[in-house]
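One structure is given here, and the rest of the page talks about it.
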Amino acid sequence: MNTVAVIEPRHAAGQRLRERVFRGATLAAAILVLTLLGGVVVTLLKGAWPAFARFGFGFVTSEVWNPVTNKYGALAPVYGTLVTSLIAMLFAVPISLGIAIFLTELAPSWLKRPVGIAIELLAAVPSIIFGIWGLFVLAPILQRHVQPALIDWLGPLPVIGKLFQGPPYGIGVLTASIVLAIMVIPFIAAVMRDVFETVPDVLKESAYGLGATTWEVIWKVVIPHTRVGMVGGIMLGLGRALGETMAVTFVIGNSHRIAASLLAPGTTISAAIANEFTEADSGMYTSALIALGALLYLITLMVIASARFMLLRLDRRALGSV
Amino acid sequence: MNRPVTNAASARRRAIRKLTNVAALTASGLATAIGLFFLGAILWTLIKDGLSGMSVALFTQPTPPPPGTGGGLLNAIYGSAVMTVIGILIGAPVGMLAGTYLAEYGRNSRLATVLRFINDVLLSTPSIIVGLFVYGVLVVPMGHFSAIAGSVALAVIAMPVTVRTTEDMLNLVPQGMKDASMAMGAYPWRTITSIVYPAARSGIVTGLLLAIARISGETAPLLFTALNNQFWSNINEPMANLPMVIFQFAMSPYKEMQQLAWSGALLITLTILILSIAARIIVSTLNPGGRR
């Protein structure tokens with residue numbers, strides 16, 4: 001018994017030491033992840049500084065992008081990023097809403113799981129795959145069948161006709177928007193499905209009890225109840241569309257000009273960086289591209305942060321790893 | 001009591017309501033069909049165009065120079081595997097420790113709440129931004145592109161994924177088990193390493209699979225870090241990898257090179273889909289009632 005009395009304090013001290021080491025390691029990892037965001041922002045600003053210092057606010061308002069004279073303006077890529085993402089949302093939001101409604105209210109239980117998994121798998125397909133598919137499959141179909149019809153029917157109309165004029169290139173702003181829409185649909189649909197499932201059954205059943213149709217239950221009970229979460233999901237998809245690179249790079253056409261027509265080639269921030277970074281032969285060129293990246297991150301940070309803020313109230317486990 | 005009149009009016013109203021209902025539900029079914037159609041269309045194209053290029057040479061020959069006759073994807077497959085493995089080896093331990101902090105130590109402390117939010121933002125950070133970040137902190141100081149920089153970029157992308165899945169999986173372990181261990185006098189580290197980790201093992205494996213699936217198809221962050229290489233290379237040099245080879249070969253004017261790009265695309269997509277499905281199967285055996 002004597003030995004026990006001697007060993008125990010030493011054993012306890014060893015345990016305490018290990019506890020401190022393990023706890024310290026988890027805390028250090030947590031702080032590392034925490035500082036990562038700051039590190040990204042500081043690194044981007046540092047790389048972008050020469051361009052920001054040289055062009056000032058004019059960097060954002062100028063459309064000129066000329067590596068030969070070393071003059072750079074971000075207006076065309078910023079415009080392209082915003083326009084392609086917004087059009088993508090016009091396609092993606094209604095379709096995602098439909099998928100979420102189908103999965104939560106309509107599908108028989110044997111169909112729910114396979115269809116849900118299939119939609120989630122669409123989210124797992126890498127963006128470069130969407131890129132080559134968009135370039136070799138979607139763009140030729142659009143060029144041959146869809147764009148000529150748009151030009152014939154919508155082109156002569158006043159005002160909106162301007163959006164659908166010019167030759168059918170196949171690639172361009174509209175094609176990029178469609179590919180982006182296909183890419184963000186699974187993300188928005190997954191979040192919407194998860195927020196729909198947080199609606200208490202009692203609420204829905206009371207509406208059914210009053211004689212409401214399925215659609216009325218969705219429109220007047222489910223959607224009002226989950227408004228904030230739905231907007232959060234849409235913003236999350238928007239954040240993804242804004243920063244999407246490879247898929248867009250393949251189909252946007254890479255032209256630093258702002259064209260009125262949606263059928264014309266354009267560029268986005270991420271496509272410009274992806275295309276030109278390895279060709280950038282001067283320090284100012286590289287810095288201008290990093291400055292584009294800094295602008296992109298500023299825009300996406302605002303969108304993502306507000307999306308995450310809206311989704312905070314949700315049970316995190318219901319959200320999966322989107 | 002104008003019963004007949006009300007009846008006629010309410011019958012019309014009911015017909016309109018029923019029609020709206022049917023129209024809306026049909027539209028939602030149609031939307032689902034559109035989503036599934038695109039998944040099918042992409043897979044079908046990959047199989048149609050990728051399968052014809054499947055050959056032994058694909059796995060035994062390195063990437064060819066233009067115009068791309070002969071040759072395969074061996075060095076690109078190798079490079080992708082190397083960078084994914086190193087990326088996971090760097091990213092996953094940090095992510096798991098941080099996730100452990102969130103689930104077991106931090107819980108609802110202010111630091112944990114802030115970390116959770118920051119981690120969610122990192123999770124949605126565009127991968128091209130991660131590429132520019134690693135370019136700034138590694139490629140510029142080192143003076144050249146390298147596979148190490150590529151691996152670190154992939155690690156930065158894998159990290160927030162593992163933080164999130166680890167925390168979620170550790171939270172699934174019943175509090176009673178943790179309490180029982182604590183009541184026996186075990187310190188938290190003992191409880192976590194001997195009780196919580198083993199209980200959450202399959203969940204943690206799932207998280208790792210999802211992280212691997214996420215980074216193995218990433219292209220944008222490798223553009224400014226690992227670049228590409230037509231030849232064999234060590235990890236201190238630019239290294240070939242499947243996504244970059246697909247990017248460059250698909251854009252090339254030569255049919256054979258485009259064919260290699262399609263075969264590479266099929267390989268990478270199949271790998272990722274298999275990993276994702278495996279992850280889901282593990283989770284469904286883990287908690288049979290759960291959906292994911």
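Just the heavy atoms: all of them, side chains too, but no hydrogens, waters or symmetry mates, feed the values below. Chain letters run A, B, ... following the sequence lines, proteins first and then strands; every chain starts at 1.
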- [ ] Would you mind checking which part of Leu115(B) comes under 4.5 Å of any heavy atom in chain A, side chain (CB onward), backbone (N, CA, C, O), both or neither?
- [x] both

Task: Residues from residues 91-98 of chain A approaching chain B under 4.5 Å (heavy atoms) - done: Ile95(A), Gly98(A)

- [ ] Could you tell me which non-hydrogen atom of Ala29(A) sits nearest to which non-hydrogen atom of Val94(B), and how far apart they are?
- [x] CB-O, 3.4 Å

- [ ] Answer with side chain, backbone, both or neither: which region of Tyr105(B) has an atom nearer than 4.5 Å to a non-hydrogen atom of chain A?
- [x] side chain

Open item on the list: Less than 4.5 Å apart, side chain to side chain, heavy atoms only: is that true for Leu132(B) and Leu44(A)?
Closed with: yes

- [ ] Could you have a look at Val114(B), Thr125(B), Thr269(B) and say which one has the most heavy-atom pairs with chain A under 4.5 angstrom?
- [x] Thr125(B)

Task: Part of Ile268(B) lying under 4.5 Å from any heavy atom of chain A - done: side chain

- [ ] For each of Tyr135(B), Trp189(B), Phe117(B), tally heavy-atom pairs with chain A at distances under 4.5 Å, and name the one with the top tally.
- [x] Trp189(B)

Open item on the list: Using side-chain heavy atoms (C-beta onward) and a distance below 4.5 Å, is Phe247(B) in contact with Thr249(A)?
Closed with: yes

TODO: Against chain B, label Ile304(A) side chain, backbone, both or neither, depending on which of its atoms sit under 4.5 Å from a heavy atom there.
DONE: side chain

- [ ] Output the option from Leu36(A), Leu122(A), Val40(A), Leu289(A) having the highest count of non-hydrogen pairs under 4.5 Å with chain B.
- [x] Val40(A)

Open item on the list: So which atom in Ile128(A) and which in Gly217(B) form the shortest heavy-atom distance, rounded to 0.1 Å?
Closed with: CG2-O, 4.4 Å

Task: Contact origin within Thr213(A) toward chain B - heavy atom pairs under 4.5 Å - done: both

Task: Minimal non-hydrogen separation, Ile129(B) against Gly293(A), with atom names - done: CD1-O, 3.3 Å

Task: Top of Met159(B), Met251(B), Met96(B), Arg214(B) for chain A proximity - count of heavy-atom pairs under 4.5 angstrom - done: Met251(B)

Open item on the list: Between Ile185(A) and chain B, with a heavy-atom cut-off of 4.5 Å, which part of the residue counts as in contact: side chain, backbone, both or neither?
Closed with: neither

Open item on the list: Is Thr35(A) in contact with chain B via its backbone, its side chain, both, or neither, using a 4.5 Å heavy-atom distance?
Closed with: neither

Task: Best-contacting candidate, Ala118(A), Ala294(A), Ala307(A), against chain B by heavy atom pairs under 4.5 angstrom - done: Ala118(A)

Task: Gap between atom CD of Glu19(A) and atom CZ of Arg190(B) - 0.5 Å precision - done: 11.5 Å

Open item on the list: If you compare all heavy atoms of Leu106(A) against all heavy atoms of Ser28(B), which two are closest, and at what distance to 0.1 Å?
Closed with: CD2-OG, 3.4 Å

Task: Heavy-atom proximity to chain B below 4.5 Å, by part of Leu34(A) - done: both

TODO: Against chain A, label Leu227(B) side chain, backbone, both or neither, depending on which of its atoms sit under 4.5 Å from a heavy atom there.
DONE: side chain

TODO: Select one option (side chain, backbone, both, neither) describing which atoms of Ile272(B) are under 4.5 Å from chain A's heavy atoms.
DONE: side chain

Open item on the list: Quick check on Thr278(A) against chain B: is it the side chain, the backbone, both or neither that has a heavy atom closer than 4.5 Å?
Closed with: side chain

Open item on the list: I'd like to verify something: which residue of Leu25(B), Thr100(B), Thr20(B) has the highest number of heavy-atom pairs under 4.5 Å with chain A?
Closed with: Leu25(B)

Task: Engaged part of Tyr297(A) at the chain B interface, taking heavy atoms whose separation is under 4.5 Å - done: both

Open item on the list: Centroid separation under 6.0 Å, is that true for the rings of Phe22(A) and Tyr187(B)?
Closed with: no

Task: Option in Ile119(A), Ile273(A), Ile101(A) with maximal non-hydrogen atom pairs under 4.5 Å from chain B - done: Ile273(A)

Open item on the list: Less than 4.5 Å to any heavy atom of chain A: does that hold for the side chain of Val22(B), its backbone, both, or neither?
Closed with: neither

- [ ] Select one option (side chain, backbone, both, neither) describing which atoms of Thr193(B) are under 4.5 Å from chain A's heavy atoms.
- [x] side chain

Open item on the list: If I measure from the heavy atoms of chain B, does Val137(A) come under 4.5 Å with its side chain, its backbone, both, or neither?
Closed with: side chain

- [ ] Measure Ser270(A) against the heavy atoms of chain B and call it side chain, backbone, both or neither at under 4.5 Å.
- [x] both

Task: Heavy-atom pair count under 4.5 Å with chain A, highest-scoring of Val121(B), Ile128(B), Ile192(B) - done: Ile128(B)

Open item on the list: Which atoms of Thr26(A) are under 4.5 Å from chain B, going by heavy atoms: the side chain, the backbone, both sets, or neither?
Closed with: both

TODO: Compare every heavy atom of Arg308(A) with every heavy atom of Ser124(B), then report the nearest pair and how far apart it is.
DONE: OG-NH2, 2.9 Å

TODO: State the CG-CG distance between Leu236(A) and Asp120(B), to the nearest 0.5 angstrom.
DONE: 9.0 Å

- [ ] Answer with side chain, backbone, both or neither: which region of Ala41(B) has an atom nearer than 4.5 Å to a non-hydrogen atom of chain A?
- [x] both

- [ ] Select one option (side chain, backbone, both, neither) describing which atoms of Leu32(A) are under 4.5 Å from chain B's heavy atoms.
- [x] side chain

- [ ] Could you tell me which portion of Glu104(B) (side chain, backbone, both or neither) has an atom closer than 4.5 angstrom to a non-hydrogen atom of chain A?
- [x] neither

Task: Distance-minimising heavy-atom pair for Ala30(A) and Tyr101(B) - done: CB-CD2, 3.7 Å

Task: Proximal component of Phe250(A), with respect to chain B [non-hydrogen, under 4.5 Å] - done: both

Open item on the list: Distance check, rounded to the nearest 0.5 Å: Leu39(B) atom CG versus Ile117(A) atom CD1?
Closed with: 12.0 Å

Task: Under 4.5 Å from any heavy atom of chain A - which part of Ala220(B) - done: both

- [ ] Please look at Leu135(A) and chain B and tell me whether the side chain, the backbone, both or neither of the residue comes under 4.5 angstrom of a heavy atom of that chain.
- [x] side chain

Task: Validation row: Thr219(B), Pro126(A) side chains within 4.5 angstrom (heavy atoms) - done: no

Task: Sub-4.5 Å side-chain heavy-atom contact between Ile132(A) and Gln258(B) - done: no

- [ ] Look up atom CH2 in Trp219(A) and atom CG in Asn21(B), then write down how far apart they are to the nearest 0.5 Å.
- [x] 13.5 Å

TODO: Could I get the full list of side chain to side chain contact (heavy atoms under 4.5 Å, CB included) partners for Phe38(B), not counting sequence neighbours?
DONE: Trp133(A), Ile182(A), Ile34(B)

Task: Region of Ala250(B) that comes under 4.5 Å of a non-hydrogen atom in chain A - done: both

- [ ] Identify which of Leu103(A), Leu301(A), Leu27(A), Val21(A) forms the greatest number of heavy-atom pairs closer than 4.5 Å to chain B.
- [x] Leu27(A)

Task: Region of Leu46(B) that comes under 4.5 Å of a non-hydrogen atom in chain A - done: side chain

